[in-house]
Amino acid sequence: MDFWKSVLVYLKKTVRMENKLLFKDSLLRVRRAPEPDDVLWENLGVSWEVKAKKKLITTLATLAILCMSFVLILIISYFQLFIQLNNLAQGLALTIVNSSGASLIVFVNYTLNFSIEKFTKSEKHSTLTTYHSALAEKKIVAVFFNTAIIYYLISSYFLNFAGKNGLVENLKYIYMSNMFITIILQVFDPFYLLRLWNRRTLEKAPEKSGYTQSEANALYEGPTQNIPFLFSSVVNMILFTSFYGSLVPFGAILGMITLVSWYWT
């Protein structure tokens, strides 16, 4: 090799990172192989073109849900403004109307979590670790955009931050809805309650259930821990509280109550 190439190779060899090795004038990137029980063996033969197509479908589906959420919240905001300007509702009725947008956000968040999980599972990741990482990242971005950014964009359009039907007032309802609805769904998990009901039905008439032994064993397992969902929920709560911390300082207290409730459940 010529002089400059030898200098370049020497520099690469001197300043290389720990995971880069020089071999026959080439830099090789070496990474630790995953554990055998972490590998999704049935996905190893899937080409990167198919995986890229699946990821594109996931992205488009998520954007469609976010656009739907934006339109619905915008309609609700117009409805709230119309009611307040014409004094069509007072007291409890006005509170219910104002909290409808916040409740819709929480509902869309759970829809996003469910749909993203289904679409990410179809992306054919090679390992469980990459699948869980991709799932958590998608949930964090989508839910944060739906919870924080959409209301900010709508409030910027209305040019109303601190007044009636403004951003600060809506944030109060978002915090309260997110805290109470999330705690209720965590404590009274509908899927686990359905499993308890199926157990009771099985015990009453086991000969008529049609369950196999493996299905019966699965029915009597405890509630599963969805780590990507729990991780993304905690990160989103921290991001949302930090994003609006200067506007709604008491949100940090409500966020801490929600986090403690998640930890307890």
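When reading the values below, keep in mind they use all heavy atoms of this one structure, side chains included, and skip hydrogens, waters and symmetry mates.
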Transitive ILVMFWY side-chain link Phe119 to Val108, under 4.5 Å: no
Rounded to the nearest 0.5 Å, how far does NZ of Lys139 lie from CG of Leu135? 4.5 Å
Salt bridge (charged side-chain N to carboxylate O under 4.0 Å, His left out) contacts touching residues 44-53 (sequence neighbours left out): none
Are the side chains of Lys138 and Thr120 in touch, meaning some heavy atoms are under 4.5 Å apart? yes
Neighbour count >12 (heavy atoms, 6.0 Å) for atom CZ, Phe250: yes
Verify the distance criterion only: is there a donor paired with an acceptor across the side chains of Thr147 and Asn109 at less than 3.5 Å? yes
Apply side chain to side chain contact (heavy atoms under 4.5 Å, CB included) to residues Lys124 and Lys55 and explain how you reach the verdict. CA-CA 9 Å; Lys124 305 297 182 181; Lys55 290 179 181 180; over 6 Å; no
Any donor-acceptor pair under 3.5 Å linking the side-chain atoms of Ser126 with those of Asn43? no
Could you check whether any side-chain heavy atom of Glu137 comes within less than 4.5 Å of a side-chain heavy atom of Val141, counting everything from C-beta outward? no
When you measure from the side chain of Glu215 to the backbone of Thr212, do you find a donor-acceptor pair of N or O atoms at a distance under 3.5 Å? yes
Using 30° and 60° as the class limits, which term best fits the ring planes of Tyr152 and Phe243: parallel, tilted or perpendicular? perpendicular
Could you measure the distance from the CG atom of Leu259 to the OG atom of Ser233? Nearest 0.5 Å is fine. 9.5 Å
Under a 4.5 Å cut-off applied to non-hydrogen side-chain atoms, are Asn217 and Gln213 in contact? yes
List the steps, then state whether side chain to side chain contact (heavy atoms under 4.5 Å, CB included) holds for Phe70 with Leu66. CA-CA 6 Å; Phe70 178 83; Leu66 290 174; over 6 Å; no
Begin with the C-alpha distance, continue with both residues' side-chain angles, and end with the deciding distance and a verdict on side-chain hydrogen bond (donor to acceptor under 3.5 Å, both in side chains) for Thr129 and Thr127. CA-CA 5 Å; Thr129 299; Thr127 63; 4.8 Å; no
Do Asn146 side-chain atoms and Ala142 backbone N/O form a donor-acceptor pair below 3.5 Å? no
Quick one: are Phe145 and Thr62 in side-chain contact, heavy atoms under 4.5 Å? no
Side-chain ion pair, Glu221 and Arg195, N-O less than 4.0 Å: no
Can you tell me if Asp38 uses its side chain to pair, donor with acceptor, with the backbone of Pro34 under 3.5 Å? no
Examine distances only and state if a side-chain atom of Ser69 and a backbone atom of Ile65 form a donor-acceptor pair shorter than 3.5 Å. no
With the 4.5 Å side-chain cut-off for hydrophobic clustering, are Leu171 and Ile257 part of the same group? yes
Distance, nearest 0.5 Å, that separates CD1 of Ile227 from CG of Leu128: 12.5 Å
Does the side chain of Leu72 reach to within under 4.5 Å of the side chain of Met68, using non-hydrogen atoms? yes
Can you measure from CG (Leu63) to OG1 (Thr58) and round to the nearest 0.5 angstrom? 11.0 Å
Pairing donors with acceptors under 3.5 angstrom, does anything connect the side chains of Glu117 and Asn113? no
Heavy-atom count check: over 12 atoms from other residues, nucleotides or ligands less than 6.0 Å from Phe107 CZ? no
Do Val235 and Phe144 come within less than 4.5 Å of each other through their side chains, counting heavy atoms only? no
Flag yes if Val46 and Tyr131 sit in one hydrophobic cluster, no otherwise; membership is Ile, Leu, Val, Met, Phe, Trp, Tyr, and two members link when side-chain heavy atoms are under 4.5 Å apart. no
Is there side-chain contact between Arg199 and Leu202, with at least one heavy-atom pair below 4.5 Å? no
More than 12 foreign heavy atoms under 6.0 Å from CE of Met256: is that the case here? no
Under the criterion side-chain hydrogen bond (donor to acceptor under 3.5 Å, both in side chains), I'd like the reasoning laid out for Ser133 against Thr130: C-alpha separation, chi angles, the key distance, then a yes or no. CA-CA 5 Å; Ser133 300; Thr130 56; over 6 Å; no
Taking all heavy atoms of Ala136 and all of Phe231, pick out the closest pair and write down the distance. CB-CD2, 3.9 Å
Between the CG atom in Asn198 and the CD atom in Glu203, the distance rounded to the nearest 0.5 Å is 11.0 Å
If you group Ile, Leu, Val, Met, Phe, Trp and Tyr by side-chain heavy-atom gaps below 4.5 Å, do Val260 and Ile238 land in one group? no
Least distance between heavy atoms, Tyr192 atom then Gly222 atom: CE1-C, 4.2 Å
Close side-chain approach of Val143 and Phe240, heavy atoms under 4.5 Å: no
Backbone N/O of Phe229 and side chain of Ser232: donor-acceptor pair under 3.5 Å: yes
Whether over 12 other heavy atoms sit under 6.0 Å from Leu60 CG: yes
